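Down below is the structure, laid out as structure tokens.
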Amino acid sequence: MLCHGRPDPAHPGHPQPARQRHQVQPPEGSVYLMASVVDEKLRLYIADTGPGIHKHQLATIFEPFERLDREREEIEGTGIGLTIAKQLIELIDGQIGVTSSLGEGSTFFIELPVTHAEPVRHTKVVELPGADEQSRKELVLPSATQNHDQEVVLYVEDNKINRTLMEHIFAERSDIELVMAETARKGIALALSVEPILIMMDIRLPDGTGYDALAKLQANEKTADIPVVAVSANVTEHDILQGREAGFIEYLEKPVDIKRLMKLIDLYMDDREALPN
């Protein structure tokens, strides 16, 4: 459902308070979607007539991999959806919360600041020397309208959902152009082509490990000095120690802490700006 505030003729560009409600009728119970715009804030409500959530579970519902004991049932999922949603919403100065009553249902709310959208940045496929046709189709490179003041960050990840999520995260950074590849081989080719300021590397890739890719990057003088961050769903103290010994500057756990990632990128952008031309 897409909701728009109605423009106020007396104050162009400022939406009047608006409210919409839509009901979905699943086989067992109901789900209500409601939206209102008040004081330059869009508030969305998703309410259901389900079994509700225990009070002690509400405190951890936004924690990574928290499935409220549903892992023993035939309900698919990994338990990171709400964690990612919370990070994304807070990144744009929004809020998310939930209230619930056992036997009556739950209500989630999302509050977002109203803003004017900028034109969507487009990406294009650029042909790389020596790349086969399939490789060229799967490489996502900077757009033709890339601002030359932008820095480039490379993300090597085979999971499409994770790539889409990262694309949305970086859409908020007008000073950064994100490029992506889904295999180690394509990631290395991209690193040689665009020379990013930072590389985010998934540890498990279809054609090898992030460690293999890191070793190849370190062996090439053109990419040896590019900082590489490991990204993995499995992070233990041993993993972090092994990663740092191999040469990863940081070891981030999925779902990625967005604020931590942005601080890390800003740190390397500042270091780059401090270098003499």
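Remember, predicted model here, so these are calculated numbers, not experimental data.
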Tell me the ring-ring contact (aromatic ring centres under 6.0 Å, His included) pairs involving [range], sequence neighbours left out?
| range | value |
| --- | --- |
| residues 214-233 | none |
| residues 220-267 | Tyr211-Phe248 |
| residues 180-200 | none |
| residues 172-204 | none |

Would you give the length of the straight line joining atom [atom1] of [X] to atom [atom2] of [Y], rounded to the nearest 0.5 angstrom?
| X | Y | atom1 | atom2 | value |
| --- | --- | --- | --- | --- |
| Leu42 | Ser36 | CG | OG | 7.5 Å |
| Glu151 | Asp175 | CD | CG | 8.5 Å |
| Ile84 | Ile169 | CD1 | CD1 | 8.0 Å |
| Leu217 | Lys222 | CG | NZ | 12.5 Å |
| Leu178 | Leu154 | CG | CG | 8.0 Å |
| Ile199 | Leu190 | CD1 | CG | 9.5 Å |

Can you tell me if [X] uses its side chain to pair, donor with acceptor, with the backbone of [Y] under 3.5 Å?
| X | Y | value |
| --- | --- | --- |
| Thr83 | Phe62 | yes |
| Asp239 | Thr236 | yes |
| Glu157 | Met201 | no |
| Thr164 | Lys160 | yes |

Looking at [X] and [Y], what are the two nearest heavy atoms and their distance?
| X | Y | answer |
| --- | --- | --- |
| Glu182 | Pro206 | O-CD, 3.6 Å |
| Val156 | Gly187 | CG2-CA, 3.9 Å |
| Thr49 | Ser30 | OG1-N, 2.7 Å |

I'd like to check [X] versus [Y] (side-chain heavy atoms, cut-off strictly below 4.5 Å). Are they in contact?
| X | Y | value |
| --- | --- | --- |
| Ile197 | Ile226 | no |
| Met200 | Leu261 | yes |
| Ile249 | Leu198 | yes |
| Lys259 | Gln87 | no |
| Met262 | Asp257 | no |
| Glu63 | Leu82 | no |
| Phe170 | Val153 | yes |
| Asp202 | Arg163 | no |

Hey, any chance [X] and [Y] share a hydrophobic cluster, counting ILVMFWY side chains that come within less than 4.5 Å of each other, even indirectly?
| X | Y | result |
| --- | --- | --- |
| Ile176 | Leu267 | yes |
| Leu44 | Val98 | yes |
| Ile161 | Met166 | no |
| Val152 | Leu192 | yes |

Identify all side-chain donor-acceptor contacts of residues 105-113 below 3.5 Å with residues at least two apart in sequence or on another chain.
from   : atom 1 : to     : atom 2 : distance (Å)
Ser106 : OG     : Ser100 : OG     : 2.8
Glu111 : OE1    : Arg43  : NH1    : 2.6

When you check the gap from the basic side-chain N to the acidic O, do [X] and [Y] get nearer than 4.0 Å?
| X | Y | answer |
| --- | --- | --- |
| Glu90 | Lys86 | yes |
| Lys186 | Asp158 | no |
| Arg260 | Glu253 | no |

| request: Apply side-chain hydrogen bond (donor to acceptor under 3.5 Å, both in side chains) to Thr209 and list each qualifying residue two or more places apart in sequence or on a separate chain. | output: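 Partners of Thr209 under the side-chain hydrogen bond (donor to acceptor under 3.5 Å, both in side chains) test: Asp212.
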